[in-house]
Amino acid sequence: MPPWLSRGLADLFPASQEAIGSIDPCQSLGARLIEAGRQGRPLRIKLGIDPTGSDIHLGHSILFRKLRAFQDAGHTAVLIIGDFTARIGDPTGKSATRVQLSAAAVEANAETYLVQLGLGQDPERALLDFTTPGRLEVRRNSEWLTSLDLPQVIELLGTSTVGQMLAKEDFANRYGSGTAIALHEFLYPLLQGYDSVQVQADVELGGTDQKFNVAMGRDLQRHFGQRPQFGLLLPILPGLDGVQKMSKSLGNTVGLKEAPLDMYSKLEKVPDNLVDTYLTLLTDLDLAALPENPRERQKAMALAITATRHTFEEALNAQSQAGMIVSGGGVTWVTGSTTFTPGLASVIDTVQSVPLSSVEYPVKAFFLLKALGLCTSSSEARRQIQGGGVKLDGEKLTDANQEFLNPAELQGKVLQLGKKTFRRFVGG
RNA sequence: GGGUCGGUGCCCGAGUGGUUAAUGGGGGCGGACUGUAAAUCCGCUGGCUCUGCCUACGUUGGUUCAAAUCCAACCCGGCCCA
């Protein structure tokens with residue numbers, strides 16, 4: 001199995017001992033790859049996404065990276081937008097029934113997902129290759145799920161049993177702990193599996209928590225007379241806290257479109273025991289070639305990952321600036337645009353910019369934090385300032401009611417919240 | 001449908017008539033410290049352009065000078081029985 005395929009794999013099935021060397025394309029993924037090559041037919045690699053949020057983060061990106069690797073090897077990525085199933089809500093990993101989303105909200109999310117994945121961008125910089133012909137198929141599962149009639153639904157339901165459903169860990173836990181399971185939630189794995197039938201997937205990618213659903217796809221493909229897909233599972237990326245999975249609702253994410261400095265600052269604080277995991281799953285670097293020293297290795301990781309989403313120069317700048325920040329009191333924010341040295345001016349580019357015109361003047365300090373979205377409420381913003389966590393150009397703000405009378409007072413300055421969040425004010 | 005128990009702030013969980021956004025824990029955020037982090041210590045942890053004003057203990061109504069706490073109906077959930 002080639003390295004691009006095996007890197008970071010958590011699970012591959014079927015892959016029994018005897019199947020490893022098997023030449024049966026139903027038992028061995030390697031054999032199916034060879035078969036595909038011989039027939040000149042690209043494999044169809046399915047990856048389903050639930051457009052339930054609006055931001056893609058590094059945790060999602062490990063699946064897309066693997067999908068991209070398949071694309072680069074000449075196969076077809078079949079990206080399924082679960083616009084229909086998102087409205088049921090995937091019960092996986094949930095301890096309660098998920099709220100159902102409106103069709104309009106789902107569609108809006110789907111659009112932003114595609115853009116974040118690289119729609120309309122140069123494949124060199126994008127996560128997925130949207131441009132090379134035959135490498136990508138984007139499908140929405142409403143395409144076939146909306147028109148299912150009751151007899152078809154009953155047929156689907158008939159392929160599985162309550163016992164099988166309760167074998168799924170999430171359902172078992174909820175059932176065992178007396179948490180409600182709505183009947184329609186049982187439909188979710190069946191519908192996801194039916195997607196595999198519709199797109200005739202050879203391989204389905206997913207996180208390890210998707211094993212049940214991917215296996216369901218195999219069952220259904222068999223039921224409908226197709227060759228079952230392979231399940232290729234990747235680890236769930238632990239979040240910045242090092243404990244729980246990376247998830248927006250837990251606030252331990254790094255978003256794909258975050259500014260270099262934010263991204264780097266977050267990544268270099270990842271717990272030591274996670275550094276190699278991040279390197280394996282989010283970069284192509286050879287781990288053996290990296291420094292042994294934990295701090296150096298951590299910085300190399302943060303640099304490399306930042307460089308996958310930005311240019312290498314931007315990542316380097318972020319690194320040097322992050323160094324200045326943590327190295328203590330002498331934070332060398334440059335005050336006022338006229339005193340920039342050429343080197344520092346480029347460094348400051350790594351901070352996310354916000355237009356001065358986004359607020360009305362005069363503006364009080366706490367309101368500014370809220371208006372910029374750095375704090376979720378004005379009360380929280382007050383607390384942050386009172387707690388000494390807010391700096392402007394390296395100078396601690398002490399009065400939440402401090403007023404800024406006009407944009408000129410803020411022009412070019414950098415607002416800092418805590419150690420990881422920065423915003424630079426720009427004109428216009 | 002019947003019986004029964006229960007619904008408190010991000011989560012868990014105290015609180016059974018009375019100054020108070022409501023004990024405690026977890027988590028989170030900020031500060032100090034450190035190789036960043038972790039550990040430890042300290043602070044914060046409903047909202048509001050906030051010297052004050054608003055919402056809050058499933059919902060609605062009621063009793064009372066006063067309710068998360070009492071009453072009623074309703075909604076939702078667990079378990080047992082059908």
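Convention: sequence-line order gives letters A, B, ...; per-chain numbering from 1.
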May I ask you to verify whether the side chain of A:Arg382 and the base of B:rC50 hold a donor-acceptor pair under 3.5 Å? yes

From CZ of A:Phe404 over to P of B:rU49, roughly how many Å is that when rounded to an integer? 17 Å

Measure the distance from CG on A:Leu374 to P on B:rG30 and round it to the nearest whole Å. 12 Å

Go through the side-chain N and O atoms of A:Arg383 and A:Gln386 and say whether any donor and acceptor fall under 3.5 Å apart. no

Any base atoms under 4.0 Å from A:Lys370, or only sugar-phosphate, or nothing? Heavy atoms, all strands. sugar-phosphate

Write down the distance separating the P atoms in B:rC29 and B:rA72, rounded off to the nearest Å. 45 Å

Look at the side chain of A:Tyr278 and the backbone N and O of A:Pro238, then say whether any donor-acceptor pair between them is shorter than 3.5 Å. yes

Can you tell me if the side-chain N/O atoms of A:Ser379 get under 4.0 Å from OP1 or OP2 in B:rC48? yes

In whole angstroms, how far is the C1' atom of B:rU51 from the CD atom of A:Gln402? 18 Å

Take atom C1' in B:rG9 and the same atom in B:rG47, then report the distance between them in whole Å. 13 Å

Is a salt bridge present between A:Lys266 and A:Asp262, judged by a nitrogen-to-oxygen distance below 4.0 Å? no

Find the distance A:Glu403:CD to B:rU49:P and express it as a whole number of Å. 14 Å

Does A:Ser377 contact B:rC48 through a side-chain donor or acceptor facing the base, at a distance under 3.5 Å? no

For the side chain of A:Arg295, counting heavy atoms from C-beta on, which of B:rA32, B:rG35, B:rC50 is nearest? B:rG35

Assign each of A:Glu380 and A:Leu417 the nucleotide of RNA chain B bearing its closest heavy atom; nearer the 5' end lies the nucleotide of A:Leu417

B:rU45 to B:rC11 separation - C1' atoms, rounded to the nearest Å: 13 Å

Provide the distance between the two C1' atoms, one in B:rG7 and one in B:rU16, to the nearest whole Å. 16 Å

Measuring only the P atom in each nucleotide, how far is B:rG78 from B:rG30? A whole number of Å is fine. 38 Å

When rounded to whole Å, the CZ to C1' distance for the pair A:Arg297 and B:rA37 reads 17 Å

CG of A:Asn273 versus P of B:rA37: gap in Å, rounded? 16 Å

Pairwise side-chain contact, A:Leu290 with A:Asp276, heavy-atom cut-off 4.5 Å (strictly under): no

Any idea which of B:rC48, B:rU49, B:rC33 is nearest the A:Lys419 side chain? B:rC33

For B:rA32, what is the paired nucleotide under Watson-Crick or G-U wobble rules, both distances under 3.5 Å? B:rU40

Taking any heavy-atom pair under 4.0 Å as a contact, classify A:Asp272: base, sugar-phosphate, or nothing. base

Answer for the Watson-Crick or wobble partner of B:rA56, both distances under 3.5 Å, is none

Do the side-chain N and O atoms of A:Glu204 and A:Gln192 include a donor-acceptor pair separated by under 3.5 angstrom? yes

Distance-only, no hydrogens or angles: does the A:Gln198 side chain make a donor-acceptor pair with backbone N or O of A:Asn141 under 3.5 Å? no

Classify A:Gln298 by what it touches in the nucleic acid, base, sugar-phosphate, or nothing, heavy-atom distance under 4.0 Å. base

Name the closest nucleotide to the A:Pro294 side chain, picking from B:rC29, B:rG35, B:rU36. B:rG35

Mind checking who B:rC70 pairs with, Watson-Crick or G-U wobble, both distances under 3.5 Å? B:rG62

Look at the side chain of A:Asp241 and decide which nucleotide, out of B:rC48, B:rG28, B:rG46, has an atom nearest to it. B:rG28

Taking atom C1' in both B:rC53 and B:rG6, what distance in whole Å separates the two? 36 Å

Please report, rounded to the nearest Å, how far the P atom of B:rC29 is from the CD atom of A:Gln416. 16 Å

Cut-off 3.5 Å, side chains only: do A:Asp129 and A:Thr131 have a donor facing an acceptor? yes

With distance as the sole test, does A:Asp241 use its side chain to make a donor-acceptor pair with the main-chain N or O of A:Asn252 at under 3.5 Å? no

To the nearest Å, how far apart are A:Ile385 CD1 and B:rC29 C1'? 14 Å

Could you check which nucleotide pairs with B:rC79 in any of the strands shown, counting Watson-Crick or G-U wobble with both distances under 3.5 Å? B:rG3

Could you pick out which residue, A:Asn293 or A:Lys364, lies toward the 5' side of RNA chain B when each is mapped onto its nearest nucleotide? A:Asn293

Any side-chain N or O of A:Arg383 under 4.0 Å from OP1/OP2 of B:rG47? yes

B:rG52 and B:rG62: how far apart are their P atoms, nearest whole angstrom? 32 Å

Distance check, P atoms only: B:rC12 and B:rG17, in whole angstrom units. 26 Å

Output the single nucleotide from B:rG31, B:rU36, B:rU49 whose closest atom is nearest the side chain of A:Lys396. B:rG31

